[in-house]
Amino acid sequence: MLERLFQLSERGTSVRTEVLAGLTTFLTMAYIVLVNPAILGQAGMPVAGVAAATCLAAAVGCFLMGFLANYPIALAPGMGLNAYFAFTVVGAMGVPWQTALGLVFISGVAFLVLTFAGVRQLIVNAIPRSLFAAIAAGIGLFIAFIGLRSAGIVTASPGTIVGLGDIKSPTALLAILGLVIVAALQVLKVRGGILIGIVVTAVLGWALGLAQWTPQPYSVEAMTSTAFQLDIPAALGIGGHGFGFALLEILFVFLFVDLFDNVGTLVAVSKRAGLMAPDGSIPRLNRILLADATATVVGSLAGTSTVVSYIESASGVSVGGRTGLTAIVVGLLFLATLFVAPWAQLVPAAATAPALILVGAMMMAPLAEIDWEDPVVGIPAFLTLITIPLTFSIANGLAFGVLAYAILKLVARRTSPADWLLYALAALFLARFAYMSAG
């Protein structure tokens with residue numbers, strides 16, 4: 001049955017490999033079960049309810065991705081958009097969290113409409129193929145940077161923006177030890193080495209007293225405190241709530257950031273898994289986009305911010321995940337976590353950080369495909385590569401790359417009528433930067 005559903009042998013994988021990949025992906029992204037409630041809790045939302053909504057939305061998204069699209073990509077409420085939800089929409093603008101959830105719901109429905117109409121697929125296909133490799137590598141740098149930061153190896157520095165952290169700290173020492181273990185297992189070609197490295201590092205952390213865990217109160221009854229609390233009429237501006245144009249602005253941000261962050265993730269993971277078509281397109285793209293749009297709608301009903309594809313899926317792909325069975329395993333683990341969410345903290349950040357760093361290194365390979373001798377290709381690729389980690393945004397990197405590519409194609413007189421959507425995207429990105437500057 002599994003072979004028929006997921007074409008395991010056709011993609012050169014097995015049930016064991018897919019389960020290992022799912023476990024690995026889950027361990028590298030399980031932090032969202034703790035981080036998302038902590039962030040949205042600052043918007044006044046019940047923490048237990050958000051924790052449950054996070055697990056439920058992630059599980060639904062993963063199941064849809066696995067069964068509909070047969071891709072090893074996991075989904076969960078997105079980092080960045082949850083901070084925008086809590087600190088900007090609710091905190092700075094004063095929009096009630098129930099209304100903000102209504103806006104998330106509307107954005108999810110809008111995504112469904114755009115997906116069925118084929119608009120999202122057109123946008124993805126308009127992105128230059130030469131930028132796909134740069135996006136994949138840029139995201140590799142991005143997640144490696146996240147790993148280094150969570151390990152305390154890299155920290156903020158007033159004089160140099162970033163600097164070397166206290167590598168004698170318990171967290172940094174444990175992460176460095178974990179990195180050595182994971183790298184050694186990879187060199188020895190141990191199957192499931194990343195997952196084994198995470199588990200061994202976590203066990204060592206607890207054995208040496210380098211990991212800490214503070215249990216949080218959590219009950220099944222509290223899990224429903226955010227479910228169906230969204231206020232759609234207020235999100236539509238019905239009833240004289242007085243937010244006016246601000247609601248359109250919020251909706252635009254939810255739509256825009258989700259679209260292009262997802263594009264970057266899909267490109268990176270698909271390329272890493274070898275699932276892209278020979279012409280550079282992503283097979284079954286409409287099904288992938290349908291999965292994340294539906295998960296966003298479900299998430300808003302359950303009580304969490306926008307659901308997106310997770311770049312941590314690359315960790316599962318790196319240990320052999322090639323089909324939707326990987327995503328199904330992640331979904332099952334999120335369902336299991338639904339009732340024991342605080343226990344996810346048993347795996348310390350220092351144990352998952354080495355996996356993120358190593359996966360980031362593995363994602364540098366596509367850079368060899370870029371024609372660096374051609375400035376029309378090389379300059380946009382470099383801007384994409386460097387701005388993703390330095391601005392902490394996949395969308396920003398994609399924006400710089402598309403704008404540079406469009407301008408340089410124009411200068412080189414290499415445009416054609418088929419490039420109309422590329423220039424429309426460039427204009428949209430330009431308008432985005434102008435709006436951000438004005439704000």
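Worth knowing before you read on, the calculation uses all heavy atoms, side chains too, and leaves out hydrogens, waters and symmetry mates.
The OG1 atom of Thr387 sits 10.5 Å away from the CG atom of Leu141 when rounded to the nearest 0.5 Å. A distance of 11.5 Å separates CD1 in Ile198 from CD1 in Ile181, rounded to the nearest 0.5 Å. Distance OG1/Thr17 to CG/Leu8: 9.5 Å, rounded to 0.5 Å. Within the model, atoms CG of Leu20 and OG1 of Thr13 stand 9.5 Å from one another, a figure rounded to the nearest 0.5 Å. The OG1 atom of Thr337 lies 10.5 Å from the CG atom of Leu332; values are rounded to the nearest 0.5 Å. Taken to the nearest 0.5 Å, the CG atom of Leu174 stands 11.5 Å off from the CG atom of Leu179.
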Distance-only criterion, 3.5 Å: show the donor-acceptor pairs between side-chain atoms of residues 154-162 and protein atoms not counting sequence neighbours.
from: Ser157; atom 1: OG; to: Thr160; atom 2: OG1; distance (Å): 3.1
from: Thr160; atom 1: OG1; to: Val162; atom 2: O; distance (Å): 2.7

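Using a 4.5 Å heavy-atom cutoff, the side chains of Leu75 and Tyr310 are not in contact. Between Thr25 and Leu333, the closest side-chain pair of non-hydrogen atoms is not below 4.5 Å. You'll find the side chain of Leu422 reaches within 4.5 Å of the side chain of Val402, heavy atoms only. Between Asn36 and Ser305 the shortest side-chain heavy-atom distance falls below 4.5 Å. Proximity of Ile379 to Val376: side-chain heavy atoms (C-beta onward) are nowhere separated by under 4.5 Å. Between Ser309 and Met65, the closest side-chain pair of non-hydrogen atoms falls below 4.5 Å. When side chains are defined from C-beta on, Leu390 does not count as touching Asn396, because their heavy atoms never get closer than 4.5 Å. Side-chain contact between Met363 and Phe142: absent, with no pair of heavy atoms (C-beta onward) separated by less than 4.5 Å.
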**Report entry** Trace of the side-chain contact (heavy atoms from CB on, under 4.5 Å) decision for Leu177 with Thr201
**Finding:** CA-CA 7 Å; Leu177 177 61; Thr201 305; 5.9 Å; no
Report task. May I have the step-by-step check of side-chain contact (heavy atoms from CB on, under 4.5 Å) for Thr304 and Phe85, ending in yes or no? Result -> CA-CA 10 Å; Thr304 187; Phe85 181 108; over 6 Å; no
Query - side-chain contact (heavy atoms from CB on, under 4.5 Å) between Leu398 and Phe429, intermediate numbers included - result: CA-CA 9 Å; Leu398 187 58; Phe429 279 126; 4.3 Å; yes
Requested in this report: Give the intermediate values and the outcome of side-chain contact (heavy atoms from CB on, under 4.5 Å) for residues Gln7 and Thr323.
Outcome: CA-CA 8 Å; Gln7 295 88 50; Thr323 75; 6.0 Å; no
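Other residues, nucleotides and ligands place more than 12 heavy atoms under 6.0 Å from the CG atom of Leu164. Summarising the local packing, CH2 of Trp420 is surrounded by 12 or fewer heavy atoms from other residues, nucleotides or ligands at distances under 6.0 Å. Applying the 6.0 Å contact sphere to CZ of Arg284 captures more than 12 heavy atoms from other residues, nucleotides or ligands. Residue Phe63 qualifies as enclosed at atom CZ: its count of foreign heavy atoms under 6.0 Å is above 12.
Nearest approach of Ile194 to Ala355, heavy atoms of both residues: CG2-CB, 3.6 Å. Listed here is the closest heavy atom pair of Ala327 and Cys62: O-CB, 3.2 Å. Between Trp372 and Leu367, the shortest heavy-atom distance links the atoms NE1-O, 3.1 Å. Contact between Ala57 and Ala295 at its shortest, heavy atoms only, is O-CB, 4.2 Å. Here the closest non-hydrogen pair linking Ile388 and Gly397 is CG1-CA, 3.6 Å. Listed here is the closest heavy atom pair of Gly320 and Glu18: O-OE2, 3.6 Å.
Looking at Tyr405, its side chain never comes within 3.5 Å of a backbone N or O of Ala381 through a donor-acceptor pair. Under a 3.5 Å cut-off, the side chain of Thr28 and the backbone N or O of Thr352 do not form any donor-acceptor pair. Thr54 places no side-chain N or O within donor-acceptor distance of the main-chain N or O of Val33, the cut-off being under 3.5 Å. Arg11 contributes a side-chain N or O that, together with a main-chain N or O of Arg322, makes up a donor-acceptor pair within less than 3.5 Å. Under a 3.5 Å cut-off, the side chain of Tyr71 and the backbone N or O of Pro283 do form a donor-acceptor pair. In this structure a side-chain-to-backbone donor-acceptor pair under 3.5 Å is present from Asn70 to Gly324.
Classified by interplanar angle (parallel below 30°, tilted 30° to 60°, perpendicular above 60°), the ring pair Phe433/Phe400 is tilted.
Applying the side chain to side chain contact (heavy atoms under 4.5 Å, CB included) test between Ile106 and each of Leu251, Leu101, Leu230 identifies Leu251 as the sole match.
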